[in-house]
*Asks:* 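Dumping the structure here so I can ask a few things about it.
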Amino acid sequence: MKEGRINLYSDTQTRPTPAMRQAMIEAEVGDEQHGLDPGVNRLCERVAALLGQETAVFLPSGTMCNEIAMLVHCRPGDEIYAHRIAHIVNYEAGGVAVFAGAQVHALEGERGIFSVDALCAALRRKNRYEPRSCLVEIEQTAQGGGGAVWSLDEILAVAEVAKARDLRLHMDGARLFNAAVAAGVPARQFAAPFDSVWIDLTKGLGCPVGAVLAGSARFIDEAWRWKQRMGGAMRQAGMLAAAGLYALDHHIDRLAEDHENARRLGEIIAQCEGVRLVFEPIETNLVFVDVSRAGVSPRDVRLRLEERSINVGGYSETLIRAATHLDVGRAQVEEAGAAFVETVRSIQRANRE
Ligand SMILES: *Cc1c(COP(=O)(O)O)cnc(C)c1O
């Protein structure tokens, strides 16, 4: 991929803003591995409070948050219940199998959200033949469902079943704040029933590195052990934490703009003949576009847009994904939308000739 002026490939594509960089430069630092980095300590306390959890640990990435949580919660041979399109199923290089030795029981459901009934139907009986049920995982928002938001009711219903069956509950909260802003529900309320929950600093929050995993003191103590084992312990990481603290102050409420921009982008793109928005309504910052009936390939569209210095993601053989974020303003969204429509039409014209 050649990076363009308007990069809608992912919300990970943000650069730290000048003000964020200034906060990083001014960070007080210490040895994180020894608990002596004041910025990291503050960040962890702050995230734990925001998520209504006892404590938290700073990790290099969201993927490591998921993997470590599974390691702590599950034993080899255990079973994890997650949606078929979950990040842990599709984008962690089989890490759950490698590290936790657990297997995933993949559930179906609209837009990356499974129902309590689907969960109950899948739950194993307790006998010596079937895998031991261990954990239920949900993604807030559900990336592969177009950034769909689990409602509080849906979460509470799943949590009730998990509790009754003595299963742990884990939230992949890579875009939890998008959900909180979109639904007008505090992140704490969404996170309350979970045994572990993490937020990504590098998605909509716009930081260069990092994620924060929260849970009980006992859970985080074990998580720290794995962080140490895996080489995830850091030194003067306060510079990274400073970016996180800055983002928590300045980049949460503005996610509403990303959501409006995503809706606007979808509106423009949908004018194109044969092009369909896969997930409607657009709830947060992700726009999935099916171009299969427009007679164009995602790859062609992506490459042609790249020539115009615009990046989108080719999600599959038929789908394109665009993510809005803080480095893309309304004017750029208008420009990218118009360019998308022109590009599709010009490919269609060329194909007809
Ligand atoms: C990006 C993402 C992750 C992984 O986070 P990284 O910080 O990129 O490792 C996990 N789950 C979801 C839903 C994501 O979108």
Side-chain angles (χ1 to χ4, degrees), residues 7-14 16 43 47 51 56-71 80 82-96 98-100 104 106-107 109 111-114 135-150 155 170-180 182 187 190-191 194 196-214 223 226-227 230-232 234 237 240-241 243-244 247 251 255 258-259 262 279 283-288 313 315 319 321-325:
N7 190 345
L8 296 161
Y9 172 76
S10 171
D11 47 6
T12 56
Q13 302 294 301
T14 51
L43 175 67
V47 172
L51 303 183
V57 58
F58 183 52
L59 290 169
S61 70
T63 300
M64 203 187 273
C65 291
N66 275 339
E67 293 304 329
I68 286 183
M70 301 303 137
L71 269 164
I80 292 165
H83 198 281
R84 178 175 54 78
I85 62 173
H87 199 277
I88 58 163
V89 177
N90 297 296
Y91 306 112
E92 298 185 9
V96 169
V98 173
F99 298 119
V104 177
L107 304 175
R111 300 195 67 170
I113 293 171
F114 53 82
L135 175 139
V136 181
E137 194 256 13
I138 74 138
E139 235 173 71
Q140 182 73 306
T141 65
Q143 186 280 136
V149 178
W150 282 77
I155 284 180
H170 173 75
M171 180 194 284
D172 172 337
R175 296 184 182 82
L176 171 58
F177 288 123
N178 292 86
F190 279 134
F194 289 81
S196 51
V197 44
W198 61 270
I199 55 152
D200 214 327
L201 299 175
T202 67
K203 299 274 164 76
L205 293 182
C207 299
V209 181
V212 184
L213 173 65
W226 281 109
K227 163 166 155 138
M230 291 176 154
M234 296 176 232
L240 303 175
H251 291 171
L255 291 169
D258 297 345
H259 303 167
F279 303 113
E283 294 181 34
T284 54
N285 70 323
L286 302 177
V287 182
F288 281 69
Y315 196 76
L319 302 184
R321 191 190 78 165
T324 55
H325 53 74

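All ligand and atom numbering here is 1-based and tracks the order in the structure. Everything quoted here is computed from the prediction, not taken from an experiment.
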*Asks:* How would you list, by chain and number, every residue that makes a side chain to side chain contact (heavy atoms under 4.5 Å, CB included) with Thr63, sequence neighbours excluded?
*Replies:*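 Once residues adjacent in sequence are excluded, the partners of Thr63 under the side chain to side chain contact (heavy atoms under 4.5 Å, CB included) criterion are Ser61, Glu67, His87, Glu92.
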*Asks:* Going by the rule side chain to side chain contact (heavy atoms under 4.5 Å, CB included), which residues pair with Pro208 if we only count those two or more places apart in sequence or in a different chain?
*Replies:* Pro16, Met20, Met24, Ala243
*Asks:* What verdict does the ring pair (Phe, Tyr, Trp, His ring centres under 6.0 Å) test give for Phe58 and Trp198, after you've listed the backbone C-alpha separation in whole Å, the side-chain angles of each residue and the deciding distance to 0.1 Å?
*Replies:* CA-CA 10 Å; Phe58 183 52; Trp198 61 270; over 10 Å; no
*Asks:* Not counting sequence neighbours, which residues clear side chain to side chain contact (heavy atoms under 4.5 Å, CB included) with Ala191? List them please.
*Replies:* Leu51, Val197
*Asks:* Would you tabulate the polar-atom pairs, meaning N/O of ligand 1 against N/O of the protein, with distances under 3.5 Å, reported to 0.1 Å?
*Replies:*
from     : atom 1 : to     : atom 2 : distance (Å)
ligand 1 : 5 (O)  : Asp200 : OD2    : 3.0
ligand 1 : 7 (O)  : Gly62  : N      : 2.8
ligand 1 : 7 (O)  : Asp200 : OD1    : 3.4
ligand 1 : 7 (O)  : Asp200 : OD2    : 2.7
ligand 1 : 9 (O)  : Gly62  : N      : 3.3
ligand 1 : 9 (O)  : Thr63  : N      : 2.8
ligand 1 : 9 (O)  : Thr63  : OG1    : 2.6
ligand 1 : 11 (N) : Asp172 : OD1    : 3.2
ligand 1 : 11 (N) : Asp172 : OD2    : 2.5
ligand 1 : 15 (O) : Arg175 : NH1    : 2.8
ligand 1 : 15 (O) : Lys203 : NZ     : 2.8

*Asks:* So, Asn285 versus His325: side-chain donor-acceptor pair below 3.5 Å or not?
*Replies:*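 Per modelled atom types, Asn285 and His325 side chains form no pair under 3.5 Å.
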*Asks:* Does some side-chain heavy atom of Lys227 sit less than 4.5 Å from a side-chain heavy atom of Leu213?
*Replies:*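 No, every pair of side-chain atoms sits at 4.5 Å or beyond.
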